[in-house]
**Q** 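First, the structure itself, so that you have it in front of you.
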2 protein chains.
Amino acid sequence: MTMSEIKIDPRIKRTRKLIMDSFIELAMKKDVKDITIKDITAEATVNRATFYSHFTDKYDLLEKSLTEDLMMNVSNEIAQHEKLTEDTIVSIFLSITTFHLSLSSQCRRSFQAFSVTIEAIIKKKLEAIFYQALLKQHAADSDESLRIAAFMLSWGIYGASVDWKQSSSIAPEEYIRLALPYFMYGMDFYVTAE
Amino acid sequence: MTMSEIKIDPRIKRTRKLIMDSFIELAMKKDVKDITIKDITAEATVNRATFYSHFTDKYDLLEKSLTEDLMMNVSNEIAQHEKLTEDTIVSIFLSITTFHLSLSSQCRRSFQAFSVTIEAIIKKKLEAIFYQALLKQHAADSDESLRIAAFMLSWGIYGASVDWKQSSSIAPEEYIRLALPYFMYGMDFYVTAE
DNA sequence: GTCCATATGTTGTTTAAACAATAAAAGCCA
DNA sequence: TGGCTTTTATTGTTTAAACAACATATGGAC
């Protein structure tokens with residue numbers, strides 16, 4: 001499908017999944033800081049040394065557990081469309097809000113302490129993905145301007161998801177449609193339109 | 001706990017479980033004869049060659065899948081009591097009826113074709129377990145008489161479970177309590193009691 | 001019947017994970 | 001504070017599982 005990273009040893013996939021799932025499972029029951037590596041590997045039926053061959057420590061695992069699912073969706077979304085369109089923005093926004101919903105319903109206690117960390121992680125990932133996508137479309141333009149565009153996009157779309165969660169009562173689809181013009185045409189749309 | 005078979009590589013346990021669970025899962029959906037090894041290993045995320053290092057073929061897997069759970073219970077039950085008592089008979093009977101119930105509710109379509117095979121497998125296993133248990137209690141007696149006793153017990157208790165399922169409307173506990181005298185004292189009880 | 005695709009077993013090699021031993025850090029509590 | 005247990009992190013060795021390639025065998029379709 002995605003042609004990148006074909007042929008990865010199934011044992012690696014399985015072990016990573018076992019560890020991540022066990023971690024999420026444990027995080028639903030107790031605080032992340034009270035979870036030991038031993039707890040995780042015991043739950044995952046995996047040797048403790050194996051943990052360290054996949055993750056550097058608990059917070060590396062936290063990061064990867066949180067972003068893997070979300071970013072898989074987002075990356076696929078972008079890869080599918082092959083270039084950024086309004087629809088791309090919409091479906092990425094929906095991926096993020098869905099992710100936040102599942103996070104807050106699944107394991108609020110454990111993860112709310114990391115909301116700042118989570119935000120930073122996701123924005124950074126989004127930025128990288130946007131940057132790559134932009135590079136393909138605008139190979140000519142300067143790297144720096146594309147980097148900045150990617151940065152603005154990631155902050156904008158993540159910020160929109162936060163705003164939606166905190167203040168808005170409309171459906172996420174509706175919300176992002178309202179915000180779309182800003183993403184596509186910038187401030188100009190709102191200032192000069194009549 | 002049971003002190004026997006300590007220290008078995010967790011990968012072996014995991015793989016066996018993955019394969020067996022996948023097989024049961026598939027057997028709920030389609031006929032056993034239509035399930036390929038490839039189907040099973042795909043579902044289990046295990047290499048096909050690995051299948052053959054654990055089971056000789058599909059019917060070996062069938063046999064082990066069917067008996068593993070049941071026999072685990074039965075063996076533990078006997079191991080706990082350390083000798084055969086009325087209570088042992090009762091709880092083994094209950095294990096068998098429970099097993100039959102779960103089998104008929106889970107995957108009737110696939111397994112009803114094997115009812116004869118299943119009966120043979122279980123009786124043979126029961127016989128072996130009874131024989132071992134009797135050997136401990138009556139080391140002095142002749143092997144042959146113990147073997148026969150084990151044989152009679154296994155047929156009796158399995159037959160009782162079949163009779164209960166087919167003809168009886170009372171609870172299994174009640175049923176086996178009624179049959180207990182025969183197991184304990186044999187025909188004599190019914191003939192000479194007054 | 002032949003042809004073709006798919007399923008079954010088997011084998012030698014490579015690799016991921018288990019294991020055991022180790023040293024250092026972190027808690028803990030008296 | 002010192003002594004104790006628990007957890008962390010790393011390393012060399014062993015083993016189970018993945019992989020690829022192979023030789024049958026089975027089963028439809030033509």
Side-chain angles (χ1 to χ4, degrees), chain A residues 1-27 29-65 68 110 113-114 117, chain B residues 1-66 68 110 113-114 117:
Chain A
M1 300 295 146
T2 45
M3 94 187 53
S4 59
E5 48 186 325
I6 41 171
K7 261 196 197 178
I8 180 159
D9 194 309
R11 285 173 291 186
I12 297 178
K13 284 192 210 164
R14 214 168 48 211
T15 300
R16 282 178 61 91
K17 186 167 188 331
L18 280 169
I19 293 174
M20 286 182 172
D21 288 353
S22 304
F23 178 60
I24 298 292
E25 185 70 27
L26 289 171
K29 290 187 226 151
K30 51 169 145 172
D31 223 313
V32 168
K33 73 168 174 22
D34 297 326
I35 301 173
T36 70
I37 309 294
K38 210 179 161 194
D39 291 337
I40 298 167
T41 56
E43 172 88 18
T45 62
V46 154
N47 194 279
R48 210 160 49 80
T50 305
F51 174 91
Y52 289 105
S53 67
H54 288 270
F55 307 96
T56 59
D57 56 30
K58 193 165 58 180
Y59 298 96
D60 181 41
L61 168 62
L62 171 70
E63 179 178 323
K64 284 167 178 162
S65 297
E68 196 107 316
S110 271
F114 292 95
T117 313
Chain B
M1 298 299 145
T2 44
M3 94 186 54
S4 60
E5 48 187 325
I6 43 170
K7 260 195 197 181
I8 179 159
D9 193 309
R11 285 173 292 184
I12 297 177
K13 282 192 211 163
R14 215 169 45 212
T15 300
R16 284 178 61 90
K17 188 168 187 330
L18 280 169
I19 293 175
M20 286 181 172
D21 288 353
S22 303
F23 178 60
I24 297 291
E25 185 69 26
L26 289 172
M28 283 160 52
K29 290 187 229 154
K30 51 168 143 173
D31 223 313
V32 168
K33 74 168 174 21
D34 297 326
I35 301 173
T36 70
I37 309 293
K38 210 179 161 195
D39 292 336
I40 298 167
T41 56
E43 171 88 17
T45 62
V46 154
N47 193 280
R48 206 162 52 82
T50 305
F51 174 92
Y52 289 105
S53 67
H54 288 270
F55 308 95
T56 59
D57 56 29
K58 193 165 60 181
Y59 297 96
D60 181 42
L61 169 62
L62 171 70
E63 180 178 322
K64 284 169 178 161
S65 297
L66 288 177
E68 196 107 315
S110 271
F114 293 95
T117 313

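Everything quoted here is computed from the prediction, not taken from an experiment. Proteins get letters first, then strands, A, B, ... in listed order; numbering begins at 1 in each. These numbers come from the heavy atoms of this one structure, side chains and all, not from hydrogens, waters or symmetry mates.
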**Q** Which residue lies toward the 5' end of DNA chain D, A:F51 or B:P10, if each is placed at its nearest nucleotide?
**A**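 The residue closer to the strand's 5' end, by nearest nucleotide, is A:F51.
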
**Q** Could you give the CG-to-C1' distance, from A:L18 to C:dA18, as a whole number of Å?
**A**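 Taking atom C1' of C:dA18 as the reference, CG of A:L18 is at 14 Å.
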
**Q** Kindly compute the distance separating CG (A:L26) from CG (A:D31), expressed to the nearest 0.5 Å.
**A** 12.0 Å

**Q** Check B:F23 against B:K58 and note the closest heavy-atom contact, atom names and distance.
**A** CE1-CG, 4.4 Å

**Q** Hey, what do you get for CZ (B:F55) to CG (B:L62), rounding to the nearest 0.5 Å?
**A** 11.0 Å

**Q** Given atom NE2 of A:H54 and atom C1' of C:dA17, what is their separation to the nearest angstrom?
**A**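 Those two atoms, NE2 and C1', are 8 Å apart.
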
**Q** Any idea which heavy atoms bring A:S53 and A:T50 closest together, and the distance?
**A**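 In this case the closest contact between A:S53 and A:T50 is OG-O, 2.7 Å.
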
**Q** Within this structure, what is the CD1-to-C1' distance between A:I37 and C:dA25, rounded to whole angstrom?
**A**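 Interatomic distance, CD1 of A:I37 to C1' of C:dA25: 14 Å.
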
**Q** Walk me through it: do A:K30 and A:D39 pass the test side chain to side chain contact (heavy atoms under 4.5 Å, CB included)?
**A** CA-CA 11 Å; A:K30 51 169 145 172; A:D39 291 337; 3.3 Å; yes

**Q** Can you list the steps and then say if B:R14 with B:R11 is a side chain to side chain contact (heavy atoms under 4.5 Å, CB included)?
**A** CA-CA 5 Å; B:R14 215 169 45 212; B:R11 285 173 292 184; 3.7 Å; yes

**Q** What pair of heavy atoms forms the shortest contact from A:S65 to A:I24, and how long is it?
**A** CB-CD1, 4.2 Å

**Q** Could you tell me how far apart B:I35 (CD1) and C:dT6 (C1') are, to the nearest whole angstrom?
**A** 17 Å

**Q** Supply the atom-to-atom distance B:D9 CG to B:K7 NZ, rounded to the nearest 0.5 angstrom.
**A**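 If I round to the nearest 0.5 Å, the distance is 11.5 Å.
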
**Q** Which whole-number value in Å describes the distance from B:D9 CG to D:dA17 P?
**A**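 Rounded to whole Å, this separation is 7 Å.
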
**Q** Measure the distance from NZ on B:K38 to C1' on D:dT26 and round it to the nearest whole Å.
**A** 15 Å

**Q** Using the side chain to side chain contact (heavy atoms under 4.5 Å, CB included) rule, take B:K64 and B:H54 through it: C-alpha gap first, then chi angles, then the decisive distance, then the call.
**A** CA-CA 11 Å; B:K64 284 169 178 161; B:H54 288 270; over 6 Å; no

**Q** Enter the inter-axis angle for the ends of the helix from C:dG1-D:dC30 to C:dA30-D:dT1 (five pairs per end, rounded to 10°).
**A**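 One end axis against the other gives 50°.
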
**Q** Please check this pair: side chain of A:K13 against backbone of A:I8, looking for a donor-acceptor N/O pair closer than 3.5 Å.
**A** no

**Q** Which residues in residues 56-65 of chain B have a heavy atom closer than 4.0 Å to any atom of DNA chain C?
**A**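 Hits under 4.0 Å, by residue number: B:D57.
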
**Q** Atom OH of B:Y52 to atom C1' of C:dG9: distance rounded to whole Å?
**A** 5 Å

**Q** Tell me whether the OP1 or OP2 atom of C:dA16 has a side-chain N or O from A:R14 closer than 4.0 Å.
**A**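 So the side chain of A:R14 is outside the cut-off, no N or O lying under 4.0 Å from OP1 or OP2 of C:dA16.
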
**Q** For C:dA20 and B:K7 - does any side-chain N or O of the residue sit under 4.0 Å from the phosphate oxygens OP1/OP2?
**A**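 Result: yes.
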
**Q** Heavy atoms within less than 4.0 Å of DNA chain C: which residues of residues 42-50 of chain B have one? Give them sorted by number.
**A** B:R48, B:A49

**Q** When rounded to the nearest 0.5 angstrom, what is the spacing between CD1 in A:I37 and CZ in A:R48?
**A**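 Result: 8.5 Å between the selected atoms.
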
**Q** Measure NZ/B:K13 against C1'/D:dT15 and give the value in whole Å, please.
**A** 16 Å

**Q** Pick the nucleotide of DNA chain D nearest each of A:R11 and A:D39; which residue has the one closer to the 5' end?
**A**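 It is A:D39, whose closest nucleotide lies nearer the 5' terminus.
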
**Q** Taking B:I12's backbone N and O only, do any of them form a donor-acceptor pair with B:T15's side chain (distance below 3.5 Å, no angle check)?
**A**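 No; zero donor-acceptor contacts below 3.5 Å.
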
